[in-house]
Amino acid sequence: MIASVDIETSCGVTECPGFGLSNSSKCEHAVHFKQNKIDIIGVWDGQAYFQFNEVQAFDQWLDNTKARIVGHGFKFDYKTLKAKGSRLHPRAVFGDTQLLGACVHNKIPAGYLKAYNEKRKELNAPLPPKQRHRVGTPLTLKTMAPFYLGVEPFWENPTSHDDPNYNRKDCEYTYRLHEKLVALTEQDGTYKFYKDYLVPWQKLLAEAEYEGVLIDEKMLHSMYGEATRELRTLEEEIHGVVGDCFRAYRNTLVDDLRSDSNSRLERYLETRLKDKSKSKAVKKRYKEALTKAEKELPTQFNLASSQQVLRILEWAGIDTAVEKRDKETNNWIEKEGTDKYVLKRAKVYTKNEFASKLLKYREKETEVSYLKQYINAVVGGRIHCTLSIVGTRTGRLSSSGPNLQNVKGSLRLPFLIADPTLYDIYTVDSSQIEPRVIAYLTADQEMVELFRQGRDYHNYATHKFFEETRVIPEQDIKKSEPSLRRTAKTGDLSIIYGTGAYTFQTMLLLREEMAIPIERCKEMVQSFRDGMKGVIGWKQNLENQYKGGTRIHDRFGFLVQARDDASIHMTLFNTFVQGMASRMIFHASLMAFRDFCAMGIDAKPLLWVHDEVVWRFPKAHSEFCRKLVDKRMTCYKLETPHGNVPLDVEGNLASCWQK
DNA sequence: TTCGGTAGCGCG
DNA sequence: AAAGCGCGCTACCGAA
């Protein structure tokens, strides 16, 4: 028997002012599986609706019926149920309509969503803030049920989320949606991908999110304190330098206030004031208000304001002109910017010291804001991010709440990941998986041979970029031409995806602080492309097929799609390579995890950063586990007419997360 | 006061 | 076409 399940939750932190509220401005506890409480567990078995308030009753029902459960975005429900003591086993979880929705070809069109969200806006207007209808996306039940089932859109009262009637509706619609979307995906030929990969992947993610990663809170706080102090020093230094500039800026603000005050006063005296004898008193009032406003003006620049930084940069003689693409017309337009590119340009081309100062400040400021995020995210000594498997078009994972896929290398020290007395932490990444996947897909003979012979891709690329280096044996490039190799490394992957000379120049400036004339960049890009004719040709052919309506699937059965609002040339091939690489790594972690489970070894992957996986291994078995994980990551058969492309991994066993 | 868009930045 | 792609988060800022 299949049954759909949906739970309603609210803040479960008794000392929180939002306690018991499902959707309040007080807190976000209702959506954290460790901080929420369950108000309703609703179940629809196709015939009848049941409701439980206690997980024990739900477990009892599950034991009796042996139901196979479907849900919508059920990972959250699963974690919450488990955290409240439910014995719900992953085996009992049969499907998820959100994952099905990601697989069906006929997705909700943009126009439909637009209409939905306009209606939403209308209904939201009279509602109190923070208690409004949430935005409808292509994968929310609120939009999927009306679209695929033809039922009326249903607008829950957002202030009382625990209304049993709404829960019943959610359960029923999930149940019907499941039947409908299974049929649709079977027609589309995507059901197999959903069943064999997405559902098991989702279950693995649920286990990892549930466990979370252990944090050394003491270290985290001390790093935050230290970074904050350093930031303050850098900030003071900058404010000390820009004093003149600030006073000029402040004068313009004062002038603005005065002229604004004057014009409002005049208008008032002319049009509103009937009793002219009161004009003196009015003037006095305006004068006082003006003085007060002037007193409240800032006493120093806000360095987080790009508008104000722009003034500083102009004062410091830094060129702020940048050229960007207009989103609508796709034309190049002149703009002003204060970003890293502008600052590095000033630092490298004109040796501007102020630019260096600001770069240092910005870097520290980012560290502080990241550390703050992590401090706020710790619950019970751990951070539990959410890993979304349908959040990206490419099929990569995305991480949120907080995003643990963009943690600066220098900030990874407090991430113990798991109890160091019991576990070793294994950080393993797949070496150069994207060019390897490219070699496999394109079956380019040179690239296949390159990897088969265990050679280095960046050395190879250096030969493609710089004709004059071809007299040097490839294996000697790294030590005899390190600078050229770094240049090649900067562009050897992205140029295949579409990077041109101008972007290449920018990347060289940002990453290597190299100042290369554009003509030289053009030559390098051209030279590289000429050397990669096989790969570029395959890419072109893929794009032509896609334009002709061919459905492109990767070896997992994943449908490869270009971005709607961008050119196929820029996104299709990248999507194929990036996504497939990520699926290979993720699936390898599932295979290894299953191996460990079968052997009774308590090893688990806890974090995925695209081509990097962070595991915890029981100390007694870590060497064995390491070998098995490496094997699972490298055992894919990437067959080409020129032989199989080998894979390679680089792993590090330690007591915390390694860079 | 809130909302939505933008700028900027981190990771792969 | 001077065409890298893929994400999430914070602060700012103008409009409502």
Side-chain angles (χ1 to χ4, degrees), chain A residues 25 117 121 124-125 127-132 135 302-310 322-325 327 329-332 335-343 358-359 362-374 376-377 385-388 391-412 429-430 432-434 490-507 510 518-519 521-522 525-526 539 562-563 566-579 581-582 585 607-613 659:
Chain A
S25 52
N117 283 318
K121 224 171 186 174
N124 270 347
L127 292 173
K130 291 275 182 180
Q131 302 195 352
R132 300 179 170 188
V135 65
N302 176 0
L303 297 179
S305 160
S306 33
Q307 282 179 9
Q308 293 177 37
V309 173
L310 200 61
V322 284
E323 290 174 34
K324 291 202 172 142
R325 271 180 183 279
K327 269 192 185 153
T329 62
N330 211 26
N331 291 327
W332 290 95
K335 292 195 80 175
E336 287 179 312
T338 69
D339 67 2
K340 203 174 192 168
Y341 169 72
V342 168
L343 297 178
L358 207 48
L359 279 166
R362 285 254 177 95
E363 198 182 343
K364 197 51 72 182
E365 153 52 46
T366 328
E367 278 184 18
V368 169
S369 73
Y370 274 49
L371 290 167
K372 193 156 69 178
Q373 269 189 68
Y374 305 141
N376 292 336
C385 71
T386 299
L387 295 161
S388 168
T392 66
R393 180 176 42 73
T394 56
R396 269 187 172 186
L397 297 178
S398 74
S399 165
S400 62
N403 181 0
L404 294 187
Q405 289 179 325
N406 70 344
V407 181
K408 283 192 71 171
S410 61
L411 302 185
R412 291 184 181 187
D429 66 272
S430 189
Q432 304 186 344
I433 188 162
E434 287 193 35
T490 305
D492 58 16
L493 190 58
S494 67
I495 290 174
I496 297 179
Y497 292 141
T499 292
Y502 283 79
T503 304
F504 184 44
Q505 187 189 40
T506 305
M507 289 166 72
L510 285 175
I518 191 64
E519 290 309 322
C521 292
K522 281 182 183 165
V525 169
Q526 195 54 50
K539 173 172 177 277
R563 216 171 77 198
S567 73
I568 293 169
H569 178 262
M570 297 309 289
T571 60
L572 185 71
F573 184 66
N574 176 270
T575 300
F576 202 154
V577 176
Q578 190 193 88
S582 149
I585 307 240
L607 194 57
W608 293 263
V609 191
H610 312 304
D611 67 0
E612 170 191 342
V613 187
K659 165 91 181 77

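In what follows, chains are A, B, ... by sequence order, proteins preceding strands, each numbered from 1.
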Can you tell me the distance, in whole Å, between the NE2 atom of A:His610 and the P atom of B:dG10? 16 Å
Pair partner, C:dA3 [Watson-Crick or wobble, under 3.5 Å]: none
Could you tell me whether a side-chain N or O of A:Thr338 sits under 3.5 Å from a main-chain N or O of A:Val309, the two making a donor and an acceptor? no
Once you apply a heavy-atom cut-off of 4.0 Å, does A:Thr575 come out as touching a base, just sugar-phosphate, or nothing? nothing
Spacing between A:Tyr370 atom OH and C:dA11 atom P, to the nearest angstrom: 12 Å
Side-chain donor/acceptor contact of A:Arg393 with base of C:dG6 under 3.5 Å: no
A:Ser399 side-chain N/O to C:dG8 phosphate OP1/OP2 under 4.0 Å: no
So what does A:Thr338 hit on the nucleic acid, given a heavy-atom distance under 4.0 Å: a base, only sugar-phosphate, or nothing? sugar-phosphate
Using only side-chain N and O atoms of A:Arg396, determine if any of them is under 4.0 Å from OP1 or OP2 of B:dG12. no
With the side chain defined as heavy atoms from C-beta on, A:Asn403 is closest, among C:dC9, B:dC9, B:dG12, to C:dC9
Closest to the A:Arg132 side chain, choosing from C:dA1, C:dC12, B:dC3: B:dC3
By nearest heavy atom, map A:Leu397 and A:Asn330 onto DNA chain C; which one lands nearer the 5' end? A:Asn330
Among B:dG8, B:dG12, C:dC13, the nucleotide that comes nearest once only the side chain of A:Lys324 is considered: B:dG8
With respect to the phosphate group of B:dC9, does any side-chain polar atom (N or O) of A:Lys408 fall under 4.0 Å of OP1 or OP2? no
I need the CD-P distance between A:Glu612 and B:dC11, as an integer number of Å. 12 Å
Measure CZ/A:Arg362 against C1'/C:dA11 and give the value in whole Å, please. 12 Å
Side chain of A:Ser398 (C-beta onward), nearest among B:dG10, C:dC5, C:dG8: C:dG8
Using a heavy-atom cut-off of 4.0 Å across all strands, would you classify A:Gly579 as base, sugar-phosphate, or nothing? nothing
By the 4.0 Å heavy-atom rule, please label A:Asn302 as base, sugar-phosphate, or nothing. sugar-phosphate
Got a donor-acceptor contact below 3.5 angstrom from the A:Ser399 side chain to the A:Leu404 backbone? yes
A:Asn406 side-chain proximity, nearest of B:dC11, B:dG8, C:dG6: B:dC11
Among B:dG10, B:dA7, C:dC5, find the nucleotide with the atom closest to the side chain of A:Ser306. B:dA7
Distance check needed: B:dC9 C1' versus A:Glu365 CD, whole Å only. 10 Å
Closest non-hydrogen atom pair, A:Thr490 against A:Met507: O-CE, 3.2 Å
Given atom CH2 of A:Trp608 and atom P of C:dC7, what is their separation to the nearest angstrom? 19 Å
Checking A:Gln405 side chain against A:Trp608 main chain: does a donor-acceptor pair fall under 3.5 Å? yes
Looking across every strand, which nucleic acid part, if any, lies under 4.0 Å from A:Ser369 by heavy atom: base, sugar-phosphate, or nothing? nothing
Looking at every strand, decide which applies to A:Glu434 at a 4.0 Å heavy-atom threshold: base, sugar-phosphate, or nothing. nothing
If you check the A:Thr392 side chain, which of C:dA1, C:dC5, C:dG6 turns out closest? C:dG6
At under 4.0 Å between heavy atoms, what does A:Gln373 touch on the DNA or RNA strands: base, sugar-phosphate, or nothing? sugar-phosphate
Ignoring hydrogens and angles, tell me if any N or O in the side chain of A:Thr499 forms a donor-acceptor pair with the backbone of A:Ser494 under 3.5 Å. yes
Looking at A:Lys372, I'd like to know whether one of its side-chain N or O atoms comes within less than 4.0 Å of OP1 or OP2 on C:dA11. yes
Is it the case that atom CD in A:Glu363 sees more than 12 heavy atoms from other parts of the structure closer than 6.0 Å? no
Quick one: A:Asn574 CG to C:dA3 P, roughly how many Å, whole number? 16 Å
Consider the side chain of A:Thr394, meaning its heavy atoms from C-beta on, and name the nucleotide among C:dG6, B:dG12, C:dA3 that approaches it most closely. C:dG6
B:dC11 P sits how many Å from A:Arg412 CZ, rounded? 8 Å
Regarding A:Arg325, tell me which of base, sugar-phosphate or nothing describes its non-hydrogen contacts under 4.0 Å with the strands shown. base
Is a donor-acceptor contact shorter than 3.5 angstrom present between the side chain of A:Gln405 and the base of B:dC11? no
Say whether, by atom type as modelled, one donor and one acceptor occur between the side chain of A:Arg132 and the main chain of A:Leu127 under 3.5 angstrom. yes
If you check every side-chain atom of A:Ser305, which of B:dC9, C:dC13, B:dG12 has the closest atom? C:dC13
